[in-house]
Every structure is written in C-alpha cells, then in structure tokens.
Amino acid sequence: MTVLAHQHIAAVQISMGVRGRRRLAATEPVGAGERLRWLALDEGVTAGSFEQLALSYQRAGDERAARLVRRARERRLHASERLPGRVWGRLQDVLFGYGYAPGRALAWLAALVGAGSLWFAAHVPAPAAGGARRDRDAVLYALDLVVPVAGLGYCTAWDPAGADKAVAIVLVLAGWVLATAVVAGASRTLGRH
C-alpha cells in the first residue's frame, strides 16, 4: 500500500482492489471539490464516473454536492463538443447551472425585468395605434417582453421606437434564450429522475 501526497490532492492510499485494479481511498475526509479535481486529472474519465460520485453523495443525503458533481459532468461533456455545443453548454451553465441551479434562472429573470423596468420607466414608449388601452406600468411591460408565454397585453399596447425598440428586442430575445435554456435543463434533470 502506497501513500501519496500532492500539493493539490489530499493524502490518498492506493491499494489493489477487486480483480487487481488500483483503488484510491482517502486517508482523511475529502469534499466534492477535491474529488472533482481527482476526476479532472483522469483524461479517460466518463460521464458514468461523475454520475456514480453524484449518486454516492445523493445516497449520503448531500444533495448540494450531488448537484455540484452533476454540473461538473455537464461541463465535461460540453467541453468535448464542437463550438456551437460548447457555446450552448456555457450559456446553460451561466444561466442556471445546467438545471441544477434553478435559483440562478430566477435571478436572471429578475435582472432582465428590473433592467427593462428601469429603462421603460425613464423612456416611455408611445401608445400603439389601435392597441388595447393599458395604464403605463414599466414593470409589467418589461415582464411581458421577457416572459415569452406571458401574454399580459402590454406588448401590444405600446409601440417603442428607436433605442426603446432595440431594448425591447433585446429583452424579448433574452427571454427566449432564458426560457429555452430552462426548458432544456428541466427536461435533462427530469429525464434522469
């Protein structure tokens, strides 16, 4: 039995396991971050290794560590894809942690609605010709722009022009990207359980 010590890795023991395979075992408690660093050192590691580690944390009742490991697995999977796949993966990671950090998606939604509300509180778009009459409400207008399926009626009540139109388009596009990423992450997360 050999004991290794490395500046980036806690002390571990290497012993011969079942069928003569080498087995790593920690000599002291090791957190999820350290175990992920171990996995990162192995170029041949597969998604199954990450899932096995996540399941062991889940069985131990450490859901936070299990989510951390699953996010790392998704990062590893997307890193090997072509450029569009890597960009889409990075976007999902930033927006909501591949479905394992849903609070982040709510923060992005609040930030987009907040920014849109501030903009349209200071820049009032003209009422749309023939549109439904609505009281001016910058928050509801921004929410209607960002959430693709909301249909609050504010988008049709106002007719932004110039910079206001550019901001409205950015909010609509950002809302669709956020919604698409959330649906992709939710289907991935729900598909596993």
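Because the structure is predicted, anything quoted here is derived from the model rather than measured. Just so it is clear, the values below take in all heavy atoms, side chains as well, and ignore hydrogens, waters and symmetry mates.
Closest approach of Leu39 to Arg76, counting heavy atoms only: O-NH1, 3.6 Å. Nearest heavy-atom pair, Ala32 versus Leu68, reported as atom, atom and distance to 0.1 Å: CB-CD2, 3.9 Å. Closest of all the heavy-atom pairs between Arg86 and Glu81 is NH1-O, 2.8 Å. Considering all non-hydrogen atoms of both residues, Pro160 and Ala168 come closest at CG-CB, 4.2 Å. Counting all heavy atoms, side chain and backbone alike, Gly175 lies closest to Pro148 at O-CG, 3.9 Å.
Between Glu74 and Asp93, every side-chain heavy-atom pair lies at or beyond the 4.5 Å cut-off. Between Trp38 and Ser49, every side-chain heavy-atom pair lies at or beyond the 4.5 Å cut-off. Using a 4.5 Å cut-off on side-chain heavy atoms (C-beta onward), Arg71 and Phe50 make no contact. Side-chain atoms of Leu91 and Val87, non-hydrogen and from C-beta on, never get closer than 4.5 Å to each other.
Here Arg70 contributes atom CZ and Arg73 contributes atom CZ; the two are 6.5 Å apart, rounded to the nearest 0.5 Å. Atoms CG and CG, from Leu178 and Leu171 in turn, are 11.5 Å apart once rounded to the nearest 0.5 Å. Taking CG of Asp137 as the start and CG of Leu152 as the end, the distance is 9.5 Å to the nearest 0.5 Å.
Val45 and Leu77 are not part of a single hydrophobic cluster, where members link through side-chain heavy atoms under 4.5 Å apart. Linking Ile, Leu, Val, Met, Phe, Trp and Tyr residues whenever their side-chain heavy atoms come within less than 4.5 Å leaves Leu95 and Val170 in two separate clusters. A chain of hydrophobic side-chain contacts below 4.5 Å, direct or via other Ile, Leu, Val, Met, Phe, Trp or Tyr residues, connects Trp158 to Val139. Residue Trp176 is grouped with residue Val147 when hydrophobic side chains (ILVMFWY) are merged at heavy-atom distances under 4.5 angstrom, including chains of intermediate members. Residues Val124 and Val167 are members of separate hydrophobic clusters, defined by side-chain heavy-atom contacts under 4.5 angstrom among Ile, Leu, Val, Met, Phe, Trp and Tyr.
Among residue pairs with one or both ends in residues 107-129, those qualifying as side-chain hydrogen bond (donor to acceptor under 3.5 Å, both in side chains) are Trp119-Asp164; sequence neighbours excluded.
Under the rule for a salt bridge (Lys or Arg N to Asp or Glu O under 4.0 Å), Arg104 has no partner lying at least two apart in sequence or in another chain.
Side-chain atoms of Tyr57 do not come within 3.5 Å of backbone N or O of Arg64 as any donor-acceptor pair. With hydrogens and angles ignored, the 3.5 Å screen pairs no side-chain donor or acceptor of Arg136 with any backbone N or O of Tyr141.
Between Gln92 and Arg75, the side chains place no donor N or O within less than 3.5 Å of an acceptor N or O (distance only, hydrogens not considered).
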For this session: Could you go through the side chain to side chain contact (heavy atoms under 4.5 Å, CB included) check for Val113 and Leu145 one step at a time?
Result: CA-CA 8 Å; Val113 171; Leu145 289 170; over 6 Å; no

Discussion item. Using the rule given for side chain to side chain contact (heavy atoms under 4.5 Å, CB included), can you reason through Asp144 versus Leu140, listing the C-alpha separation, both sets of side-chain angles and the distance that settles it, and then say yes or no?
Written reply: CA-CA 6 Å; Asp144 201 13; Leu140 289 177; over 6 Å; no

Verdict with reasoning, Val69 to Glu51, per side chain to side chain contact (heavy atoms under 4.5 Å, CB included)
CA-CA 8 Å; Val69 171; Glu51 188 58 28; over 6 Å; no

Using side chain to side chain contact (heavy atoms under 4.5 Å, CB included), reason through Val172 and Val146 one step at a time and then give a plain yes or no.
CA-CA 5 Å; Val172 168; Val146 172; over 6 Å; no

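Within a 6.0 Å radius of CZ in Arg90, no more than 12 heavy atoms belonging to other residues, nucleotides or ligands are found. Environment of CG in Asp42: crowded, with over 12 heavy atoms of neighbouring residues, nucleotides or ligands closer than 6.0 Å.
Between Glu34 and Arg37 there is a salt bridge, since a side-chain N of the basic residue sits under 4.0 Å from a carboxylate O of the acidic one.
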